[in-house]
Amino acid sequence: MAPSRAKIVISSLLALCLLLGGTLWLIFRDAPESQLSYAPDQAKPPKVSTPIVQESVQNPTAQILSKRVVEYHIDTTLDPEKRAIKGTQTMTWSHPGQETVNELYFHLYPNAFSSMDSTFMKESGGKLRNDKMPADGFGSMTITDMKTAEGLSLMHRMQYVQPDDGNVKDKTLVKVRLPKPVKGGESITLSIQFEVKLPKIFARMGTADDFVMAGQWFPKISVYEPAGASGRTVEGWNLHQYHGNSEFYSDFGIYSVRIHVPSNYIVAGTGIMQSSQIRNKEKVYQFYADDVHDFAWAASPNFVYAEEPFASPEVPGVRIKLYLDPAHKDLKERYFFAAKAALKYFSKWYGTYPYSTLSIVVPPESGNGAGGMEYPTLVTAFGAKDDSPGYDLERTVIHEIGHQYFYGMLASNEFEEAWLDEGFTSYAEDKLMEQEYGVIPNLPVQASLISSPMSLTQEAWKYGSQDQYALNVYYRGKLVLKAIEQQVGNQTMKKIMRAYAQKYRFKHPTTADFQKVVEQVTSKTWQTFFDQYVYGNQMADFAVDSITVKKKDGAAGKIYESTVKISKKGGDFPKIPIQFTFTDGQTLNKVWNGAGESAEFKLEYSAPLAWAMVDPNYSIVIENKHFNNYLKADMDKKVLIRWNVSITKLIETLLGSLSW
């Protein structure tokens, strides 16, 4: 999911630069008013009014790419007037483990919006990014019937469970006790009827006027992990409620979904639209998808539909489908260009996009809460606010298509290791935005935002606020990958990323799996780095502690001996550049290998040292405290301490006011 971008207050930063005597100017000199640049004026393409195109696919993809644990056959009807979905679902689950199972668990995600007492609402306060729950915006899910294949009702065998926080009012996870156990390798089929009262959109799913986003909209079985999967020594269910910060985790499978909507509605959905036809004032869409771990759809009578085929040496052939809000009907070429670039280069870098379709849904401005989200073969852009958006348009599309790889095919556990999806996708997004649009991220600014670094392998909800979640999972996760790249070089990093993406394609990789790939490609251990920056909560922090200057008599006359003490206050880094500048303008550059906790440099020169600075070009991307990198030789230490404290507080105040 794409976060909204932090706004930088330029005037305040200039004030900071003056306080620091120009030190922070080096950090912020290239900082835009937004973390994103704005696109130049572009000529508008002709208006689009392409009619919806029917597809007829008799033989869906036969090649099996994943371990298909679950199969869903769903028939659902949308009632937009009542903001309601009714559905029947036949689900077959194949036990992937060896131990006998006596119960199944289902995620009922819409219940996160049933009241302010759900875990999601308590943790989020009814907000996600900059979107707030509208008045009277509650929604819910009710299972109205559940039966075995033999017709035995399971309705009295259901129990809501809350394994994460014990909140008895949370109904996003339900346990179903089985009348007959399922042994390893066996399958069970259940027939389920359900109703969903769609919330008003503020967090990924719901309605906004006559726009509908159906994400996480059906009873979805939890993931059962065999021994050895995700580092487990004992097999079992992976069970979590729906939290304010967390996203999702599911097994690969097959989806056959029929959707009934009013006849004037257009529907976008995961996978292949096999047919659409009008029956008795309603339109019925049939979708099919395999080797995916979720199914989402969106509907609106206002979509402006456009489609283009795309192929490249790495992409055999994809139909890119745009479902545009009318406010963006003239921007289709920008969406297509971004999508084609993403498919081409992500497939080149991380492996071929294996599906035949990719749908991009552009919600209305009122449905922005559903924007910037990824689902298999379907992504959403941010809500259409105006006719001339900046590079947010391209960045969001590219980010979400990046998730087709890091989430879609590499289906990591977003509950527990969200950085494997968001951090990796943000890394790939930056690469492509720089290559195709010349938008270069200001990494020192992004690093400086991370005032409370936390482990990247903790559960998503344990980050606390949405800001801390985003700063760690998106920014810090990306910076960790950039720090690896700095040490191994761009070409070796490409090998690492491709090897990881290829090895764990259509699997559920973990952080430990990625570490193994890094070590295999580089032929050395990375344990200390991962312990500090991935499993641990460290950032790099190198400081100039003191400068002393003594005048001496030398053979050629007066010379000055300058002694500079450098210390390491955070995690390790192998090469730390240091610049020394003398009063006559001469400079000297040295590199500290980072060994030990500190280093001392003695310099003899005909002029005294004016100042010293660690990492003068802010090249160490994993360092977040730049205020102590610089020291003037004549600075009184008490004044220095006061300045550092004042500047730190000012930065924290400024950055704490930024919103996602």
Side-chain angles (χ1 to χ4, degrees), residues 1-2 60-61 65-74 76 85 87 89-93 105-112 141 172-173 192 194 196 198 203-206 212-224 238 240 242-243 246-259 267-273 285 287-299 353-355 357-361 370-380 400-416 418 420-422 425 460 505-509:
M1 185 178 189
T61 306
L65 303 175
S66 67
K67 186 174 182 179
R68 299 172 178 178
V69 174
V70 63
E71 182 171 345
Y72 294 93
H73 293 262
I74 306 175
T76 189
I85 292 174
Q89 171 177 310
T90 301
M91 183 217 69
T92 299
W93 177 74
Y105 292 83
F106 289 87
H107 294 285
L108 309 183
Y109 288 115
N111 283 336
M141 170 181 279
T172 57
L173 187 64
I192 303 170
F194 63 95
V196 177
L198 290 164
R204 303 187 181 96
M205 71 167 296
V212 175
M213 185 69 228
Q216 312 303 331
W217 57 281
F218 60 94
K220 185 192 295 185
I221 194 164
S222 300
V223 175
Y224 188 92
N238 186 278
H240 296 296
Y242 192 7
H243 290 270
S246 70
E247 292 188 31
F248 314 103
Y249 177 42
S250 306
D251 270 317
F252 289 98
I254 296 171
Y255 291 83
S256 179
V257 181
R258 183 179 292 116
I259 303 169
V267 174
T270 292
I272 299 166
M273 186 182 74
Y285 288 80
F287 288 89
Y288 175 87
D290 53 25
D291 298 312
V292 297
H293 50 79
D294 199 1
F295 186 98
W297 56 277
Y353 181 78
Y355 308 108
T357 62
L358 174 67
S359 296
I360 302 169
V361 174
M373 189 60 195
E374 70 278 1
Y375 303 95
T377 78
L378 184 150
V379 302
T380 62
E400 303 311 337
I401 294 176
H403 273 303
Q404 298 302 307
Y405 301 82
F406 304 108
Y407 153 84
M409 286 175 269
L410 280 74
S412 302
N413 186 339
E414 291 186 287
F415 289 123
E416 299 175 2
L420 291 175
D421 300 306
E422 300 297 355
T425 300
R505 192 175 172 91
F506 295 102
K507 295 182 175 65
H508 305 285

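Count residues from 1 along the sequence. Just so it is clear, the values below take in all heavy atoms, side chains as well, and ignore hydrogens, waters and symmetry mates.
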Taken to the nearest 0.5 Å, the spacing of Leu173 CG from Phe106 CZ works out to 10.5 Å
Stepwise side-chain contact (heavy atoms from CB on, under 4.5 Å) test for Arg204 and Tyr375: CA-CA 11 Å; Arg204 303 187 181 96; Tyr375 303 95; 4.2 Å; yes
Side chain to side chain contact (heavy atoms under 4.5 Å, CB included) filter on Ser359, not counting sequence neighbours, yields Lys321, Tyr323, Leu378
The ring-ring contact (aromatic ring centres under 6.0 Å, His included) partners of His403 (sequence neighbours excluded) come to His399
Check your understanding: Would you say Asp421 and Glu247 make side-chain contact, with heavy atoms under 4.5 Å?
Key -> no
Residues passing the side chain to side chain contact (heavy atoms under 4.5 Å, CB included) test with Lys67, sequence neighbours excluded, are Val69, Pro96
Ring pair (Phe, Tyr, Trp, His ring centres under 6.0 Å) between His243 and Phe415, intermediate numbers included: CA-CA 9 Å; His243 290 270; Phe415 289 123; 7.5 Å; no
Open item on the list: Do Tyr72 and Gln89 have side chains that approach each other closer than 4.5 Å (heavy atoms only, starting at C-beta)?
Closed with: yes
In short, Met1 meets Glu374 closest at the heavy-atom pair N-OE1, 2.6 Å
### Query
Between Phe295 and Phe218, is the ring centre distance below 6.0 Å?
no
With sequence neighbours left out, the residues meeting salt bridge (Lys or Arg N to Asp or Glu O under 4.0 Å) with Asp294 are Lys220
Sorted by chain and residue number, the ring-ring contact (aromatic ring centres under 6.0 Å, His included) partners of His508 (sequence neighbours excluded) come out as Tyr249, Phe252
On a heavy-atom basis, the closest approach of Glu414 and Ala460 is O-CB, 4.1 Å
With sequence neighbours left out, the residues meeting side chain to side chain contact (heavy atoms under 4.5 Å, CB included) with Ala214 are Ile85, Trp217, Trp297
Between the CG atom in Leu410 and the OH atom in Tyr405, the distance rounded to the nearest 0.5 Å is 11.0 Å
Distance col, row Ser66:OG vs Met409:CE, nearest 0.5 angstrom, shows 12.0 Å
